[in-house]
There are 2 protein chains.
Amino acid sequence: MAVTLAEVAAACNVSTSTVSRALTDPDKVNAETRTRIERVARQLGYAPSRAGRSLVSGRTDTIGLVVPDIANPFFPPIIKSVQARARDKRYSVLIADTDEHVADELELARGLSRQVDGLILASPRTDPAELTRLAKQLPVVFVNREVEGAGSVVIDESEGMSEAVEHLMSLGHTRVCYLAGPRRSWSNQQRRDALAAACAEHGLELRELGPFEPQIQAGMRAADLLQSAESAAAIAYDDLIALGVMSRLTERGMQVGREISVIGIDDSPLSTVTHPMLTSIHVPAAELGSAAVDLLLDQLREGEDFTTPTTVRLETRLVIRGSTGVAPTAPR
Amino acid sequence: MAVTLAEVAAACNVSTSTVSRALTDPDKVNAETRTRIERVARQLGYAPSRAGRSLVSGRTDTIGLVVPDIANPFFPPIIKSVQARARDKRYSVLIADTDEHVADELELARGLSRQVDGLILASPRTDPAELTRLAKQLPVVFVNREVEGAGSVVIDESEGMSEAVEHLMSLGHTRVCYLAGPRRSWSNQQRRDALAAACAEHGLELRELGPFEPQIQAGMRAADLLQSAESAAAIAYDDLIALGVMSRLTERGMQVGREISVIGIDDSPLSTVTHPMLTSIHVPAAELGSAAVDLLLDQLREGEDFTTPTTVRLETRLVIRGSTGVAPTAPR
DNA sequence: GACGAGACTGCCAACGTTTGCAGCAAGAGT
DNA sequence: ACTCTTGCTGCAAACGTTGGCAGTCTCGTC
């Protein structure tokens, strides 16, 4: 069905090798025949067979991307930037969604590993030892997690958290409640630690509720717990939880941004759709994706050389919107 | 690096053909040797090379999915269900995002067509003639669009629209404003027509604003236009526009659900995150995805037989939430 | 005019898998 | 004892591409 090298070769009265060279290594072939071949190839609509090429080169020109939940608005921007960067470099992207199902993470990654040259894993909960093993089999870059023996792109929440805590204090808050993400999530630990450090530094009292799944429904549950706690300020593990909290609180007649302050993390596109809009710690999703691709392609290029796996650290900052306001008991 | 058939064969003292048969066509080989081969293969961690297999079979066991915008919350559920169904059937899914860029749609689809067995296109704006041509090259299923010579899964908005119009009338509304989607979008035309039909039937006055891109920002712009029109009810092309409208109206101090009623289409997960929650016409996204996969795999199985391309039509219904309420001038 | 260099090009093997065909042994039927 | 069948296995070709090697041709040089 598809046009092959042989057909182009026949049409040009040359051998397949010449056609192959003309199209992939133009300097190696006479300028005149090359242009002729190029013309005929275009005319016939020739496109190299990935399978044939893969077989001999051992490469697939495809990278895999594993995310916990495409529906979580934090990920689409990352996916987009991964795809964009990959496309620039002539790579395709195979995406797998684990549906927040920890057990599937590894299985999916392994399945993918057979049809890709490298993997980008944004799956925070699998056992580190397994991940290290996986990283030995093929190049892997982790997003938002550090794993021994593999490159990673991580978010440094400390700056954003510090700003958030300062922000709350300047509004007169004296305590804050952390709405935790999944217990075994690497980034949950990072965020909790960053918050704890910032609180300790600035003298803000910290409580914790949870864990909650990063989903709006869980946020709603968190809202009710939050109300029975005595905190007028909350920082959520991510925007989804924060949005669920806001939605539920508003539904119950509370004024978010006046009676209670809510801060999210990720600064996903949804932050601006609610009223009040969500104050959130901005995470540079686009950079995250493209940095991950760059790191991975570096590893692919190095080949067998032992490159010390790099960690790229991305800064965060607070974006203040309407969901945070003066503490209720504080003087106006 | 990877374990090949030949290595398994050597370890078992049989030929590669026997190993191949043992693993793909177990009946053709002696039970005893088969179990031995299976054991050794597992031990060695053998996994068939997709490239080798593709080369001889001509199939890739991969399907392509083109969507206009992963970040649009309407699509993730579809993507998930496509992936889930495909995975059940041992297919991988290659996703491409056109970023709402019409010119890229075809190019991306063509690029994908070389590495997949079939395509699912949820890209509403490309020229029909081009799409028909594409459908001649390989099996294609269209989502939310009918194209000659290809299968499709479409949404039948009429029922949902009818319910929406009845709903508005029962609340005392006498006119409604349609916030149109992209002019060349097939589903925009479907939705507009369905709305017009429903309005004509029930005697509701219809106006139209737009077109607007299916994005929150565009919805905000729509909100301001809507305010200067004199309609107390609006039905948007999709939830994103509706959410943008709500967000902007609320920001400008209007009470959505009291002073003005807003209805979205898609019933995306976001519908429940705002306050008030968004009344929306529910579209069965999961069914949409799995139906598309089923249709495509049917086409793949049929092979060269001329199957009359099928169109699957999915019903919609109205989900009433807080964003719609009694018309302001109507008696209470 | 012979020779070597250089520029192109063709031949062929290899990648890993599947599959039609042939070969082989063992058992059944005569 | 002979053939025929049956069940199993190996051989070899094919899929489309790449790249090492060798061959051809032309041209410049001595």
Side-chain angles (χ1 to χ4, degrees), chain A residues 1-42 44-62 90 92 113-117 138 303, chain B residues 1-38 40-42 44-62 90 92 113-117 138 300 303:
Chain A
M1 194 68 215
V3 185
T4 75
L5 266 191
E7 301 178 47
V8 179
C12 292
N13 278 324
V14 293
S15 72
T16 59
S17 345
T18 305
V19 179
S20 173
R21 276 189 283 257
L23 299 176
T24 62
D25 210 353
D27 301 335
K28 297 265 173 202
V29 39
N30 182 290
E32 188 184 336
T33 49
R34 183 186 59 204
T35 53
R36 183 161 50 100
I37 290 173
E38 280 167 350
R39 190 168 44 76
V40 173
R42 191 169 15 247
L44 265 51
Y46 168 77
S49 145
R50 314 273 290 208
R53 184 173 279 180
S54 283
L55 196 53
V56 55
S57 72
R59 307 181 320 123
T60 61
D61 293 330
T62 303
R90 319 262 130 195
S92 301
S113 73
R114 276 155 199 159
Q115 37 188 325
V116 301
D117 295 337
L138 82 170
Chain B
M1 193 68 215
V3 186
T4 73
L5 266 191
E7 301 178 47
V8 179
C12 292
N13 278 323
V14 293
S15 72
T16 58
S17 348
T18 305
V19 179
S20 173
R21 275 190 282 256
L23 299 176
T24 62
D25 210 352
D27 302 334
K28 296 266 172 202
V29 41
N30 182 291
E32 189 185 336
T33 50
R34 183 187 58 203
T35 53
R36 183 162 50 100
I37 290 173
E38 280 167 350
V40 173
R42 191 170 15 246
L44 265 51
Y46 168 76
S49 145
R50 313 271 290 206
R53 182 172 281 181
S54 283
L55 196 52
V56 54
S57 71
R59 307 181 319 121
T60 61
D61 293 329
T62 302
R90 319 261 129 195
S92 301
S113 72
R114 276 153 199 160
Q115 39 189 324
V116 301
D117 295 337
L138 82 170
L300 288 179

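Quick note: numbers below take in every heavy atom, side chains included, and nothing from hydrogens, waters or symmetry partners.
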| remark: Taking every heavy atom of B:S54 against every heavy atom of B:T60, the minimum-distance pair comes out as OG-CA, 3.7 Å
| request: Check the distance between D:dT17's C1' and A:R21's CZ and give it to me in whole angstrom. | output: 12 Å
| said: How close do A:A47 and B:R114 get, counting heavy atoms only, and between which atoms? | reply: CB-NE, 3.1 Å
| query | If you look at every heavy atom in B:A22 and B:V29, which pair is closest and at what distance? | reply | CA-CG1, 3.5 Å
| Are side-chain heavy atoms of A:L138 and A:V116 found at a separation under 4.5 Å? | yes
| Using a heavy-atom cut-off of 4.0 Å to chain B, what are the terminal contacting nucleotides of DNA chain C, in 5' to 3' order? | C:dG16 to C:dG20
| Which is it for A:R53 and A:T24 under the side chain to side chain contact (heavy atoms under 4.5 Å, CB included) test, yes or no, and what are the steps along the way? | CA-CA 11 Å; A:R53 184 173 279 180; A:T24 62; 3.9 Å; yes
| Just by modelled atom types, is the A:P26 backbone N or O under 3.5 Å from a matching donor or acceptor in the A:R34 side chain? | yes
| Donor-acceptor pair between B:S20 and B:S17 side chains, under 3.5 angstrom | no
| request: Residues of residues 29-41 of chain A with any non-hydrogen atom less than 4.0 angstrom from an atom of DNA chain D: list those, numerically ordered, please. | output: none
| field | Within-4.5 Å side-chain heavy-atom neighbours: B:Y46 and B:L23 | value | yes
| request: Specify the separation, in whole Å, of atom CG of B:L5 and atom C1' of D:dC11. | output: 15 Å
| In degrees rounded to 10°, what angle is found between the helical axes fit to the five outermost pairs at each end of the helix from C:dG1-D:dC30 to C:dT30-D:dA1? | 60°
| remark: One should read off an interatomic distance between A:I37 CD1 and A:N13 CG, to the nearest 0.5 angstrom, of 10.5 Å
| message | Going by the rule side chain to side chain donor-acceptor pair (under 3.5 Å), which residues pair with A:Q115 if we only count those two or more places apart in sequence or in a different chain? | response | B:R50, B:S92
| query | Reckon A:D25 touches a base, only the sugar-phosphate, or nothing at all at heavy-atom distances under 4.0 Å? | reply | nothing
| query | Once you round to the nearest 0.5 Å, how far does OG1 of B:T62 lie from CZ of B:R90? | reply | 13.5 Å
| task | Just jot down the side chain to side chain contact (heavy atoms under 4.5 Å, CB included) partners of B:R59, sequence neighbours excluded, or say none. | result | B:S57, B:D61, B:Y91, B:D117
| Are any non-hydrogen side-chain atoms of B:E7 and B:T4 less than 4.5 angstrom apart? | yes
| message | Let me spell it out: for each of B:D27 and A:T4, pick the nucleotide of DNA chain D with the closest heavy atom. Which residue's pick is nearer the 5' end? | response | B:D27
| A:S17 (side chain) and D:dG19 (base): donor-acceptor pair under 3.5 Å | yes
| message | Which residues in residues 44-58 of chain B have a heavy atom closer than 4.0 Å to any atom of DNA chain D? | response | B:L55, B:V56
